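Predicted model, so just to flag it, every value in this text is computed and none were measured.
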Amino acid sequence: MTTPRQAAIQAIATTEYELNQLDFHTAHLKELFGTLVFSEEVQKARLPKPVFKALQKTIKLGAQLTDPAVADAVASAMKDWALEHGATHFTHLFQPMTGLTAEKHDSFLAPNGTGSGVAEFSGKELIKGEPDASSFPSGGIRATFEARGYTGWDPTSPAYIRESPNGATLVIPTVFVSWTGEALDKKTPLLRSMEALSTQALRILKVFGNNEAVKVFATVGPEQEYFLVDKNFIYSRPDLLNCGRTVFGAKPSKGQELEDQYFGTIPERVLACMSESEAEMFKLGIPVKTRHNEVAPSQYEIAPIFEDANLATDHNQLCMDVMRRTAEKYGLVCLLHEKPFAGINGSGKHNNWSMSTDSGENLLNPGDTPHDNAQFLVFCVAVIRAVAKYPELLRVTVASAGNDHRLGANEAPPAIMSIFLGDQLQDIMNQLEKGKPETTLPGGFMEVGVSVLPKLPRDAGDRNRTSPFAFTGNKFEFRAVGSSFSIAGPNTVLNTIVAESLDFIATKLEPEAARGKAQLLKAIQDLMSGILKESKKVLFNGDGYSEEWHKEAEKRGLPNLKNTVDSLPVIVRKDTVELFGKYKVYSERELTARYNIFSEKYVKEVSIEALTMVNMAKTMILPAALRYQAEVAAAVNATKSAGVDVSASLDHLKELAATTKDFQKATAELDHAANHKHSGDPYADAKATRDTVVPKMADLRLLGDKLETLVADDLWPLPTYREMLFIK
């Protein structure tokens, strides 16, 4: 009898894939970039000059688009451009609270009453769509029978063409709101938070005499980690198919211990998949820059160049979609779960965040002498104050059932929010706390000891992989974000809390700016010193994994919300409601909805995993264990009848039988826990799930993984870690 595992390995061994599907000699990457995007260049070529100027004013400066004629002209140009690229339909793409994207396609074709048809697309259709809102998570904002929802065109994120085997679709990024006006998506609050940040940052710039800047953008570059595993293994593993992670799996004899995967040679099949993914991303205007092997076997990373936070969010969602689709062509599955495999590194999405003016000035660029750069110090201290004041809000932005398996593990930062500044910036902040900073630690050069090599410049600060929030030269890297997350949520909160800090600082400094430069600089020094005294508790340059840091963090009063359920109440706390209400990012009703949605999502995700576990235990693992137990028992009896000592075999049989018995009992207990009735209160159900279902899952996994090490290899039905991670 062939097990699913054996069939999967046989299929992989006998299948060959066409890897040479691209030719960069005939289609250079610079010619590919943006070819499917309704970009500024395309707009300029196709739109009347007044329409183009009005649209660019909206995109770059945030001016409201009020003239219907502009929308009609843009729609007409979009339609013609899309039809030339083979598009037959258009869609409003939005980001509901599922964390994924959603779309409803409408044809350009309309009958003209004479038996033929014409292609139509109006400004009204461009600006607003009306998808059914009843089946998306609303957290109580919308009842099931209250179905109306609206999508609204986001002109700051350009439309693009999505090619498919039979035709193409014009994709228009949009927001998604209810009939009563509340945000049902992730994009709307992000755009609101970006406006709040811009408003407060401009106040600071004016304090420093910069009256030319019109807008400040939050800029983001999200590094995306993921696994690629052969599809045959996925089809043989109900847990990977249903949950995106393995709920059973014994640790292999070789994992990542040799550290030979990280930055190693990319396997040929994987590299072919990466290359095609990147080519598709180039055409869609996604500025991907780097690719490499990550730490764990079969784990990889792709990273883009910085863009404004809204566009970066849209592009990251698109990036994940492209990777999933392209992987299928090469017989692979792209796993974006935070912890697909226990015992090895999980996947994150390092959210590199900064602020830039409309002229391109990076407000977190310290320059050569950051101690003498008062504007940089003000913006940097504002971020420090924001993280110190709202660490629990940052924590809840990275909370999920999947990320609970990763945060605090050997490759991910702990759930304690702290900031790593590096030696140079930490020294400057220490000086600033005590008075006026006078010096900047130099970076210098490294002496490598090889005469033919040039001197290598040394950065003034090291990196810290254990920090959830690290300064990395001219940006802050929020490392705690999970790989499957939309970055909209973390950046919405980050923008808002920094806006609040900038508001606080601007209110203090604006009266002083009118009194002259000397008075302003003294006020800055005094204010920054006071803020650092209050906020330095969050600064930590050491090992975030160490037990000593956890004890020290507790002494400092830093919160340690160890799991999703612990963090969720922060969303509806009074100070949270007041903060987001003040800057018009979330209403209290919208926050309550998200509290309910995240609670419900936690319950659903854990319940799916638990039920999958029970099913696999009953139908796959237990039958294999019982078959092997019968074989061993028969062998023991036959050997004993022959007069041979069976003590060792009998010990093995006893261990196998006892483990199988315990496994059956644990399966029944998890089955009962997973099928308990819910109370109807989302958060109460989340707590009950964490406290009853999750521990039972852990108990069952221990026994299942032990059985994998006891049952004969030819009977074990599930592809093992050693196979899934190393057979490519």
Side-chain angles (χ1 to χ4, degrees), residues 97 138-141 175 177-178 180-204 216 218 309 353 355 378-379 381-399 415 417 419 469 478 488-510 527 530-531 533-535 537-538 557-561 564-599 681-683 686:
M97 293 302 297
S138 70
I141 285 179
V175 298
V177 297
S178 73
T180 48
E182 290 95 356
L184 294 175
D185 66 341
K186 292 178 176 288
K187 179 186 275 269
T188 303
L190 175 64
L191 292 171
R192 294 169 180 169
S193 73
M194 291 176 67
E195 288 196 7
L197 181 70
S198 179
T199 298
Q200 303 307 325
L202 288 173
R203 291 175 64 194
I204 298 291
V216 170
W353 180 92
M355 295 171 279
V378 167
F379 278 102
V381 169
V383 177
I384 294 171
R385 178 184 178 276
V387 176
K389 188 173 181 182
Y390 299 105
E392 293 159 305
L393 271 181
L394 278 180
R395 170 66 182 93
V396 80
T397 69
V398 297
M417 292 295 124
I419 296 177
F469 204 85
F478 189 18
N491 285 296
T492 297
V493 169
L494 190 50
N495 293 342
T496 306
I497 63 176
V498 173
E500 189 276 336
S501 272
L502 294 173
D503 184 1
F504 172 82
I505 293 171
T507 301
K508 298 286 186 182
L509 294 183
E510 282 167 340
L527 181 59
I531 290 174
K533 283 183 173 67
E534 294 177 359
S535 304
K537 63 183 179 181
V538 81
L558 296 178
N560 185 6
L561 304 174
T564 293
V565 177
D566 284 346
S567 68
L568 291 178
V570 175
I571 299 173
V572 289
R573 213 167 56 186
K574 182 181 178 182
D575 58 333
T576 302
V577 174
E578 291 174 349
L579 169 71
F580 287 112
K582 179 178 180 180
Y583 298 100
K584 297 180 173 57
V585 175
Y586 289 114
S587 68
E588 183 173 5
R589 188 168 153 89
E590 288 170 338
L591 286 170
T592 301
R594 278 147 183 81
Y595 172 65
N596 291 331
I597 289 169
F598 296 151
S599 298
D681 177 273
Y683 184 69

### Query
What closest approach, in Å, do V498 and M355 show between heavy atoms, and which atom pair accounts for it?
CG1-SD, 4.2 Å
#### Entry: Non-hydrogen atoms of L197 and A218 that approach each other most closely
CD2-CB, 3.7 Å
### Summary
The complete set of salt bridge (charged side-chain N to carboxylate O under 4.0 Å, His left out) pairs with one or both residues in residues 191-201, sequence neighbours excluded, reads R192-E590
### Message
Which residues pass the side chain to side chain donor-acceptor pair (under 3.5 Å) test with T397, not counting sequence neighbours?
### Response
none
### Query
Rounded to the nearest 0.5 Å, how far apart are CG of L568 and OG of S599?
4.5 Å
### Task
Could you check L561 against E392 for side chain to side chain contact (heavy atoms under 4.5 Å, CB included), going step by step and ending with a plain yes or no?
CA-CA 8 Å; L561 304 174; E392 293 159 305; 3.9 Å; yes
### Query
For T507, which residues count as a side chain to side chain contact (heavy atoms under 4.5 Å, CB included) partner, sequence neighbours excluded?
R203, D503
### Residue list, side chain to side chain donor-acceptor pair (under 3.5 Å) with K187, at least two apart or on another chain
D154, N310, D314
### Task
Please identify each residue that fulfils ring-ring contact (aromatic ring centres under 6.0 Å, His included) with Y683, with sequence neighbours left out.
Y595
### Message
Minimum heavy-atom separation for I505 and V378, please, with both atom names.
### Response
CG2-CG1, 3.9 Å
### side chain to side chain contact (heavy atoms under 4.5 Å, CB included) against K533, all qualifying residues, sequence neighbours excluded
E433, S529
### Task
Quick one: closest heavy-atom pair of P490 and F478, and the distance?
CB-CE2, 4.1 Å
## Note on the structure
Those residues at least two apart in sequence (or on a different chain) that pass ring-ring contact (aromatic ring centres under 6.0 Å, His included) with Y586 are F580
### Query
For N560, which residues count as a side chain to side chain donor-acceptor pair (under 3.5 Å) partner, sequence neighbours excluded?
none
### Query
What are the two closest heavy atoms between V177 and A183, and how far apart are they?
CG1-CA, 4.2 Å
### Query
Looking at residues at least two apart in the chain, or sitting in another chain, which of them share a side chain to side chain donor-acceptor pair (under 3.5 Å) with T564?
D404
### Qualifying residues under side chain to side chain contact (heavy atoms under 4.5 Å, CB included), relative to S501, sequence neighbours excluded
A382, R385, A386
### Task
Could you tell me the separation between the CD atom of E500 and the OH atom of Y583, rounded to the nearest 0.5 Å?
5.0 Å
### Summary
Separation between CG (L579) and OG1 (T496), nearest 0.5 Å, reads 6.5 Å
### Message
Minimum heavy-atom separation for K186 and T492, please, with both atom names.
### Response
O-OG1, 4.4 Å
### Message
I'd like to check the side chain to side chain contact (heavy atoms under 4.5 Å, CB included) partners of V577; sequence neighbours left out, ordered by chain and number.
### Response
E588, L591
### Summary
Residues at least two apart in sequence or cross-chain that pass ring-ring contact (aromatic ring centres under 6.0 Å, His included) with F504, listed by chain then number, are none
### Task
To the nearest 0.5 angstrom, please state how far the CG atom of L527 sits from the NZ atom of K508.
7.5 Å
### Message
side chain to side chain contact (heavy atoms under 4.5 Å, CB included) for V493 and V396? Distances and angles first, verdict last.
### Response
CA-CA 10 Å; V493 169; V396 80; 5.8 Å; no
